[in-house]
Amino acid sequence: MIHQSGKPPLMNIFAEIRTVVIAALDAMVSEGVLPSDLSFDNVAVEPPRDAAHGDMATNAAMVLAKPASKAPRAIAEALVAKLTENAQIEMAEVAGPGFINLRLNPSVWAAVVEHALSAGDGFGRSTRGTGTKVNVEYVSANPTGPLHVGHARGAVFGDALASLLDFAGYDVTREYYINDGGAQVDVLARSVYLRYLEAHGQEVAFEDGTYPGDYLKPVGAALKAKVGDAFIDKGEQFWLAEVRDFSTEAMMGLIREDLAAIGVKMDRFYSEKSLYDTGRIEDAIETLKQNGLIYRGTLEPPKGKVPEDWEPREQTLFRSTAYGDDVDRPIMKSDGSWTYFAPDIAYHWDKISRGYDALIDVFGADHGGYVKRMKAAVAALSESKVSLDIKLTQLVKLYKDGEPFKMSKRAGTFVTLRDVVDQVGSDVARFVMLTRKNDAPLDFDFAKVTEQSKDNAVFYVQYAHARVRSVMRKAADMGVDAPDAPLLEDEAEFALARKIAEFPRLIEIAARNNEPHRVAFYLYDLASDFHALWNKGNEKTALRFLQEGDNAATAAKIALPRAVGVVISNGLSILGVTPVEEMR
RNA sequence: GGCCUCGUAGCUCAGCGGAUAGAGCAACCGCCUCCUAAGCGGUAGGUCAUAGGUUCGACUCCUAUCGGGGCCGCCA
C-alpha cells in the first residue's frame with residue numbers, strides 16, 4: 001500500500017545536508033576547482049561515531065581526492081568555505097585524514113522535532129520504494145499441522161520486513177505459498193483418515209510416515225460429522241482426494257488462526273495445487289525451454305559422500321548453472337512426475353507475470369541449498385529484470401530457565417507458535433525475535449523474555465513510550481494539551497533530537513538491506529537516550545518536561561518527548577508491537 | 001568433497017568502506033523529598049578466528065585456512 005497523505009514533505013536531514021554538499025561540489029566543478037567528470041556517488045553524509053566530532057561528517061574530500069588528482073585537504077578546505085555559506089551549517093572544519101565535520105545550526109534540530117510532530121505517523125516514511133512493486137513470501141509452512149516456533153520466527157520476520165518496505169514507500173504484497181500439491185498432503189489425508197476411523201470407535205495405529213498429533217482428532221471427528229460412515233472400509237482411491245482437500249482446508253484454518261495470534265495478516269494465499277493440471281507448470285517450463293535451458297541429461301553423483309544406492313538416471317534438467325548455480329537441477333523425476341522445484345518455478349513465474357519489480361522469499365535456514373537454483377530460475381524467467389532476495393531465518397533454540405528445551409515432533413513435545421504466544425504474548429515474542437539478525441540463531445528463554453527489566457529490550461522500549469504518555473497525560477492535567485515549538489538547551493536534549501533525526505535515515509538503510517532488526521536496535525538506542533534525559537531531569541529540574549506553574553515552558557518542553565513517542569510508535573508499528581500507554 | 005551461513009568483551013549480541021570497534025548481562029562503585037528506580041551515571045573488560053590481498057582508509061569487500069551450524073539426484 002502506498003501511503004497517501006497531505007503531510008509535509010518527508011524530512012531526512014542527512015539526505016538534505018548531502019544535497020547541500022553535492023550542490024557545493026557542483027559549484028566547485030563549474031568554477032573549475034574540480035574536474036567535470038567526477039562521480040559523487042560515494043560521497044556520504046553520516047552521523048559521526050563520536051559526538052565530539054560534530055553533528056555530521058562527510059567523506060567527500062577523501063573520496064574525490066584520487067579521481068580529481070588533488071590533495072584531500074585542498075578539496076576539503078575549498079568545500080568547507082562553500083558549506084559555511086549555508087545557513088543550516090554553523091561550522092565546518094577539516095579533521096583527521098580529510099573528513100569534514102559539520103555542526104548544524106541548533107535551530108535545525110528543533111525543526112526536526114517539530115517536523116516529527118507534524119508528520120506524526122508519516123515521520124520516517126520514505127519515497128525510496130515509490131513505484132516499486134515488491135512481493136514478500138513468508139511462512140509458507142506445509143498445511144499439515146499447527147505452526148511451531150521456527151515458523152513463528154519466519155512469520156514475524158517476514159511480516160516486519162513487509163511493514164518496513166511499506167513504510168519505505170514500496171507497494172508490498174504479503175503472500176503465503178500453500179504446499180498442498182505434494183506427497184505430504186497425502187500423508188496428512190491418511191493420518192486424518194485414521195482419526196476418522198478412531199472417531200467411529202476403531203482401534204488405529206499410527207505407523208511411520210503418518211502424523212500422530214492430537215490436533216488431527218477434531219479433524220477426524222469433523223470428517224465423520226460431514227460424511228458419516230461413507231469412507232469406512234473403502235480403498236484410498238475412493239476417499240483420498242476428498243479427505244486431502246478437507247484436511248488441507250482444516251489445517252489452513254489452524255494456520256490462519258496461528259498467524260492471527262501473532263499478528264500476521266497475509267494479502268494472498270497461493271495454492272501450489274492450483275498450478276497442477278492447469279498447464280501453468282508446463283507454461284513456465286516451456287518458457288525456459290525456449291531459451292535452451294531445459295534438457296534431458298544425467299547428473300554426476302555428488303562428490304565425496306555418494307549415496308549408497310546411487311545409480312545414474314536420465315532426468316529432465318534445468319540449466320541453472322547458466323545463472324550461477326553449481327549444478328543443473330532436476331525438474332522432473334524419472335517416473336515423469338514433477339519434482340517440487342517445477343511448481344516452485346511456475347509459482348515464481350506467476351509472481352513475475354503479476355508485475356512485481358522485486359521478489360523476496362523468507363525461508364528457513366534448512367532451505368539454504370535452494371537459494372541459488374531459485375535465483376537462477378527467476379533470473380532466467382525474467383531476463384534478470386526482476387530481483388529475488390532470499391532471506392533465511394536461522395533456528396530458534398528454546399530454553400526454560402537456562403535449560404535447553406528439546407523439541408521432538410515424534411514425541412509430541414514440539415513447541416508451537418501458539419504455546420509461545422500464550423506464554424509470553426505476541427508483542428514480546430515479536431520483539432525478541434526481531435532483536436536479532438535473521439541469519440543468526442536465536443536463543444529464546446521463556447523465563448527471560450517475560451522478565452520485565454532492562455535485560456529485556458521490549459519492556460525497556462515500552463517503558464520509554466509509557467513515560468512519554470504519562471508526561472502527556474500530566475501535561476493535559478495542567479492544561480497543556482499540545483506541544484509548542486521545542487526549546488532545546490541541554491546536550492542531552494540535542495542528543496535525543498539528533499537520534500530522532502536519524503530515524504528516516506535508519507529506515508532507508510534497513511529497507512535497503514531488508515533488515516528489520518535494525519529498527520528494533522534503533523528503538524532501543526532511542527529509548528536509552530530518552531531515559532538518560534529523563535534522569536537528568538531528576539538532578540536538573542530545568543530539564544523536566546513538566547515545568548510546574550509554567551504552562552508556556554511546559555508546552556515547549558513536551559515537544560521533545562512527544563516526538564520520541566511518535567518515533568517509538570512508528571517504529572513499533574513496523575515491528576508489529578503495540579506501544580503501551582502505561583506499564584502495569 | 002561441494003555449496004550456504006556464522007565466528008566481535010567472561011556471556012548474549014549490535015556495528016552503513018571511515019576517525020579512539022559499541023550496548024546489555026555478569027563484577028565493582030554510586031544515584032529515589034524530585035515528571036513511573038521496569039530508570040540513570042561511573043569503573044573494569046578486545047591480537048574483531050587466522051594469514052594474505054584490494055583501498056587514502058577494512059570488523060565491513062576479495063582469496064585461502066581453521067572452527068561451529070545448515071544443505072547436497074526420484075522430501076517439500
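These numbers come from the heavy atoms of this one structure, side chains and all, not from hydrogens, waters or symmetry mates. Chain letters run A, B, ... following the sequence lines, proteins first, then strands; residues in each count from 1.
- Residue A/N101 places a side-chain atom within donor-acceptor reach of the base of B/A19, judged by atom type and a 3.5 Å distance cut-off alone.
- Between A/R518 and B/C16 there is a side-chain polar atom (N or O) within less than 4.0 angstrom of OP1 or OP2.
- For the pair A/R467 and A/W534, the cation-pi test (distance below 6.0 Å, angle within 45°) is passed.
- Between the C1' atom of B/G68 and the CG atom of A/D443 lies a distance of 14 Å, rounded to the nearest Å.
- Following rounding to the nearest Å, A/L526 (CG) and B/A14 (P) show an atom-to-atom distance of 20 Å.
- Ion pair A/E137/A/K351 flagged as a salt bridge, since at least one NZ, NE, NH1 or NH2 atom sits closer than 4.0 Å to an Asp/Glu carboxylate oxygen.
- Residue-level contact check: A/E582 touches the bases, meaning some heavy atom is under 4.0 Å from a base atom.
- Using a 4.0 Å heavy-atom criterion, one finds that A/F521 contacts the sugar-phosphate atoms exclusively.
- Across the C1' atoms, B/A26 and B/G45 are found 11 Å apart, a figure rounded to whole Å.
- Comparing the P positions of B/A44 and B/A21 gives an interatomic distance of 15 Å, to the nearest angstrom.
- Note on A/A65: nothing from the nucleic acid sits closer than 4.0 angstrom, heavy atoms only.
- Put simply, A/K372 has no side-chain N or O that comes within less than 4.0 Å of OP1 or OP2 on B/C3.
- Using C1' as the reference atom, B/C35 and B/C40 are 15 Å apart when rounded to the nearest Å.
- Under 3.5 Å, the side chain of A/R505 and the base of B/C16 form at least one donor-acceptor pair of N or O atoms.
- Spacing between B/G18 and B/U12 at atom P, rounded to whole Å, works out to 27 Å.
- Side-chain N/O atoms of A/Y460 include one lying less than 4.0 angstrom from OP1 or OP2 on B/C40.
- Residue contacts shown for A/A475 are absent, as no nucleic acid heavy atom lies under 4.0 Å away.
- Contact annotation for A/N142: backbone-only contact, meaning every heavy-atom pair under 4.0 Å involves sugar-phosphate atoms and none involves a base.
- One finds no salt bridge joining A/E508 and A/R505 here, because no Lys/Arg side-chain nitrogen approaches an Asp/Glu carboxylate oxygen to under 4.0 Å.
- If you check distances only, the side chain of A/R512 never reaches the base of B/C16 with a donor-acceptor pair under 3.5 Å.
- The aromatic ring of A/W534 is not stacked on the base of B/G39, since the criterion of ring centres less than 5.5 Å apart with planes inclined by under 30° is not met.
- The pair A/E493-A/K557 meets the salt-bridge criterion, with a side-chain N (NZ, NE, NH1 or NH2) lying under 4.0 Å from an Asp/Glu carboxylate O.
- Among the atoms of the strands shown, none is found under 4.0 Å from any heavy atom of A/K536.
- Residues A/D477 and A/R473 are not paired through a salt bridge, judged by the lack of any N-O separation under 4.0 Å between the basic side chain and the carboxylate.
- Rounded to a whole Å, the CE atom of A/M56 is 19 Å from the P atom of B/C16.
- Between B/C35 and A/K474, no contact under 4.0 Å exists linking OP1 or OP2 to a side-chain N or O.
- Residue A/K397 places none of its side-chain N or O atoms closer than 4.0 Å to OP1 or OP2 of B/G69.
- B/C25 and B/G39 are spaced 8 Å apart, taking the P atom of each and rounding to whole Å.
- Counting any heavy atom pair closer than 4.0 Å across all strands shown, A/H517 reaches sugar-phosphate atoms only and no base atom.
- Heavy atoms of A/N513 sit nowhere under 4.0 angstrom from any nucleic acid atom.
- For the C1' atom pair drawn from B/G15 and B/G22, the interatomic distance equals 7 Å after rounding to whole Å.
- For A/R467, a side-chain nitrogen or oxygen approaches OP1 or OP2 of B/A37 to under 4.0 Å.
- B/C56 and B/C66 are spaced 32 Å apart, taking the C1' atom of each and rounding to whole Å.
- Distance A/K540 NZ to B/C35 C1': 17 Å, rounded to the nearest Å.
- A gap of 7 Å separates the P atoms of B/G10 and B/U47, to the nearest Å.
- At most 12 non-hydrogen atoms from other residues, nucleotides or ligands lie less than 6.0 angstrom from CD of A/E548.
- Side-chain atoms of A/H367 and A/D361 include no donor-acceptor pair closer than 3.5 Å.
- Atom pair A/R49:CZ and B/A21:P shows a separation of 8 Å (rounding to whole Å applied).
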